[in-house]
There are 2 protein chains.
Amino acid sequence: MAMLSIGALAAQTGVKIPTIRYYESIGLLPEAPRTESNRRLYDGAVAKRLRFIRHARDLGFEVEAIRQLLAMADDPARSCHEADALAQAHLADIESKISRLEALRDEVRHMVACCGQGQVRTCHVIEVLADHAHCLHETH
Amino acid sequence: MAMLSIGALAAQTGVKIPTIRYYESIGLLPEAPRTESNRRLYDGAVAKRLRFIRHARDLGFEVEAIRQLLAMADDPARSCHEADALAQAHLADIESKISRLEALRDEVRHMVACCGQGQVRTCHVIEVLADHAHCLHETH
DNA sequence: CTTGATCCTCCAGTCACTGGAGAATTTACG
DNA sequence: CGTAAATTCTCCAGTGACTGGAGGATCAAG
């Protein structure tokens, strides 16, 4: 199993070098063994763990959630109830974000559509932002 | 026109007191006049400005964008081309956020749906996170 | 052998707040 | 009128999740 330098690991996973060191510092990655000259070395297992972290971050999981997921992944005999609950909570969060963003999009779309390219005096962008009453939705 | 204490302004706008002071410190709000005993006083115009800021933040505008919008709002004779461009850019941003979140939602939904409530060994939540190949989309 | 790439640690900065310490003042109640 | 609670003040440090620079060591290629 070939050992990777931090740069190679970064290239392989798409995670920046300082971010890898940061993950180590907060305990998401184990302390890497070092060469004689103090450089970090990584094996395939760490690369996999890092991809796990990266993917979960991309999906919007917070580091604390990832920490829990990793603890679960490290213990495959455990019930995955917790992982499921975590994902469920996350799903609810995503759905609420989507609907808030949709309301927001409609509003900004409305602002843009109404902008007559005139003066600020008649510009809806300013108007809508200055007065909540112009909103299409009451969701925020 | 009744003058408001910072607490009253906070209550009226839903913006926390330290946040109001923060906005003043970064120049989004003007330096408030003070009472003899050094307490800030606000009038209706500032309340309106703060609602403008708050609303724009809720809509996801960054402080720098808000700064520009405010500068425009402060000068109603100006063309609103800039405000429109800002809003257009923001709209594109919102739309991309929405589609990424939708992809993400489908994926997390899939993870949750596949969780057999068994052991981590066979848990899709863990599996999907560990291996990108399980993803429904290639958008991330 | 030298040059440039890579790595190390430490520290400071980012964004948009948020909150605590400690002191002063104002308001409400009895 | 006295006191206790609420409000405000400033200053400073912390949040999350990185990001980047300084200054120095080491490695790989020509």
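Naming convention: chains lettered A, B, ... in sequence-line order (proteins, then strands); numbering from 1 in each chain.
- Comparing C/dC8, D/dC9, D/dA17 against the side chain of A/R39 picks out C/dC8 as the nearest.
- Minimum interatomic distance between B/K16 and B/A10 (heavy atoms only, all atoms of both residues): C-CB, 4.4 Å.
- Computed from coordinates, the B/I6 CD1 to C/dT26 C1' distance equals 15 Å when rounded to whole Å.
- Separating the CG atom of B/L9 from the P atom of D/dT7 is a distance of 15 Å, rounded to the nearest angstrom.
- Proximity note for B/R40 (side chain, C-beta onward) versus D/dC9, C/dC17, D/dC18: the nearest is D/dC9.
- Protein atom CZ of B/R67 is 12 Å distant from nucleotide atom C1' of C/dA16, rounded to whole Å.
- Residues satisfying the side-chain contact (heavy atoms from CB on, under 4.5 Å) test with B/A11, not counting sequence neighbours, are none.
- A heavy atom closer than 4.0 Å to some atom of DNA chain C occurs in A/I17, A/R21, A/R34, A/N38, these being the qualifying members of residues 11-38 of chain A.
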Verdict with supporting geometry, A/L50 and A/Y42, side chain to side chain contact (heavy atoms under 4.5 Å, CB included): CA-CA 10 Å; A/L50 185 51; A/Y42 298 96; over 6 Å; no
Which pairs of donor and acceptor atoms, one on a side chain in residues 28-40 of chain A, lie under 3.5 Å apart (sequence neighbours left out)?
unit_1, atom_1, unit_2, atom_2, d
A/R34, NH1, A/N38, O, 3.0
A/R34, NH1, A/N38, OD1, 3.3
A/T35, OG1, A/S37, N, 3.2
A/T35, OG1, A/S37, OG, 3.1
A/T35, OG1, A/N38, N, 3.4
A/T35, OG1, A/R39, N, 3.0
A/R40, NE, A/E24, OE1, 3.0

Candidate pair A/L4 and A/L41, rule side chain to side chain contact (heavy atoms under 4.5 Å, CB included), full reasoning: CA-CA 6 Å; A/L4 301 167; A/L41 283 178; over 6 Å; no
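- Atom P of nucleotide C/dC15 and atom CD1 of B/I66 are separated by 13 Å, given to the nearest angstrom.
- In this structure, the side chain of B/T13 engages the main chain of B/L9 through a donor-acceptor pair within 3.5 Å.
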